[in-house]
2 protein chains.
Amino acid sequence: MTRILVVDDEPQILRALRINLAARHYEVAVAPDGASALRAAVDATPDLVILDLGLPDLDGVDVIHGLRGWTTVPIIVLSGRAGNQDKIEALDAGADDYVTKPFGIDELLARVRAVTRRTAIQEAELATIELGDHVIDLTSKTVSGDVRLTPTEWHILELLLRNPGKLISQRQVLTEVWGSRFVKETHYLRQYMAQLRRKLERDPAHPEHLITEPGMGYRFTP
Amino acid sequence: MTRILVVDDEPQILRALRINLAARHYEVAVAPDGASALRAAVDATPDLVILDLGLPDLDGVDVIHGLRGWTTVPIIVLSGRAGNQDKIEALDAGADDYVTKPFGIDELLARVRAVTRRTAIQEAELATIELGDHVIDLTSKTVSGDVRLTPTEWHILELLLRNPGKLISQRQVLTEVWGSRFVKETHYLRQYMAQLRRKLERDPAHPEHLITEPGMGYRFTP
DNA sequence: CGAATCTTGACGGGATCCGTACACAGGGGG
DNA sequence: CCCCCTGTGTACGGATCCCGTCAAGATTCG
């Protein structure tokens, strides 16, 4: 049984989510602010956290940091502001996905399924990963079918594949691969994403697994 | 029964791992620092070592070297820092896998299964190895067909052949064969790889088994 | 002493990376 | 409605790095 912790200060949203999630047979715990959210995460050990960024007591990013200090539980962030800066900060802090209010309940449920599926995959097997027609082995650095990748390509691909389904900000990739001085050089990244798609995707013009989230980053969808 | 030695200075982590591993029917030994870890590795002869890099007494990389001096026991490294430099140093020193804290216990268990499975396969197939037209016996250090190898050539070849299909970085070979002060002297390695290919490959100009992965290292392909 | 082995140095070809440039799509505002 | 602007995908050429190879001096060991 999947346990979900919902953190939001608006009673209506809290109620709507509890009802909808319970109807899908999720076990739901709720918290109205950041402090009680951190306590509830310890007590309830949820499998997923849905976190509103606009809390009365703590900054949402601080809550993410508080959780990431000791757990890798997936976090889906909700925010009323559509600004990109918030989203990127949340993702860099370690959030897994992001939904902007107002949102349809179906959209949220789809993200919930995506995230829970990703952790299930990770637990089951991380030796080899399938991507389109290819099988990728991260430990031995091999790709099926006579595909060869350069060091930089491996570096980027590994970051995405080790976080299946998770939205990775461009900033995250650039600091990881090139270093923090290169966060502005997004064209490096575009270059290599195109290269990876050419080598791995069935139809590079319409990628199925190495997905772009405009304004945000990239995502590997199994 | 698989014996696992867990080395970590944080009591909580030590306890969590012991309980979780014992529940999966692994036999668990623990050590709180580097010195006792090296002793415990002698006494308990573990089949796998889980090693935290942030130990109070010794640098984690030194512990890896201390173990690698006399055993090929698989090592999974834990680290609090996500920095790439640590990761590269640990893997070059001879670690088999790398997990960043905080980590899910299921992720670690998956890696444990992956590593034990890999080494089990490896040991079973280690008697004699075919490479092109030649048959190589690592225990008796002989090659079929009147081919003689020098000590240094054996050292390099053995490292590659004991990790079939796996990518071995140049740093790894250099530290293993010449010592860590020689990681810059890649031309040593080029020299000997050419030598090995001349002696073993059908067409040394187009090697089929001792493969170069540009920018990364070498790989033995069976 | 001599032969095998190990250590250096230098050089050319090729792959990779970097930087610039341009086409295209979508959204917002004039 | 059109234009601009942002964000993205794609192409191309030069600079740089990496690797294989030849050659030769130094060292070890029989």
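Naming convention: chains lettered A, B, ... in sequence-line order (proteins, then strands); numbering from 1 in each chain.
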Inset, instruction - Look at the side chain of B:Glu213 and the base of D:dC19, then say whether one donor and one acceptor between them are separated by less than 3.5 Å. - result: no
Inset, instruction - For A:Gln170, answer base if it contacts any base atom (sugar-phosphate contacts may also be present), sugar-phosphate if it contacts only those atoms, and nothing otherwise; contact means non-hydrogen atoms under 4.0 Å. - result: sugar-phosphate
Inset, instruction - Check every strand shown and say whether A:Thr152 touches a base, only sugar-phosphate, or nothing at a heavy-atom separation below 4.0 Å. - result: sugar-phosphate
Could you give the [atom1]-to-[atom2] distance, from [X] to [N], as a whole number of Å?
X	N	atom1	atom2	result
B:Asp203	D:dG20	CG	C1'	13 Å
A:Lys199	C:dA15	NZ	P	12 Å
B:His187	C:dC6	NE2	C1'	11 Å
A:Gln191	D:dG13	CD	C1'	12 Å
B:Met193	D:dT21	CE	P	11 Å
B:Leu189	C:dT7	CG	P	12 Å
A:Arg181	C:dC18	CZ	P	11 Å
B:Gln195	D:dA23	CD	P	14 Å

Side-chain N,O ([X]) to OP1/OP2 ([N]) below 4.0 Å:
X	N	value
A:Thr150	C:dC17	yes
A:Tyr192	D:dT10	no
A:Tyr218	D:dG7	no
B:Thr212	D:dG20	yes
A:Arg190	D:dG7	no

Inset, instruction - Please check if any side-chain donor atom of A:Arg15 sits under 3.5 Å from a side-chain acceptor atom of A:Gln12, or the reverse. - result: no
Legend entry - Between A:Asp47 and A:Thr2: side-chain donor-acceptor atoms closer than 3.5 Å: no
Inset, instruction - Give the minimum heavy-atom separation between A:Val73 and A:Leu48, together with the two atoms involved. - result: CG2-N, 3.7 Å
Inset, instruction - Would you kindly compare A:Trp178 and B:Leu149 by the position of their nearest DNA chain C nucleotide and give the one closer to the 5′ end? - result: B:Leu149
Inset, instruction - Could you check A:Arg148 against A:Glu185 and say which one's nearest nucleotide on DNA chain C is further toward the 5' end? - result: A:Arg148
Legend entry - Nearest-nucleotide comparison on DNA chain D, the residue closer to the 5′ end among A:Arg198 and B:Pro204: A:Arg198
Inset, instruction - Enter the distance from A:Gln195:CD to A:Leu149:CG here, rounded to the nearest 0.5 Å. - result: 9.0 Å
Legend entry - Residue from A:Gln170, A:Arg219, A:Arg197 passing side-chain hydrogen bond (donor to acceptor under 3.5 Å, both in side chains) with A:Thr212: A:Arg197
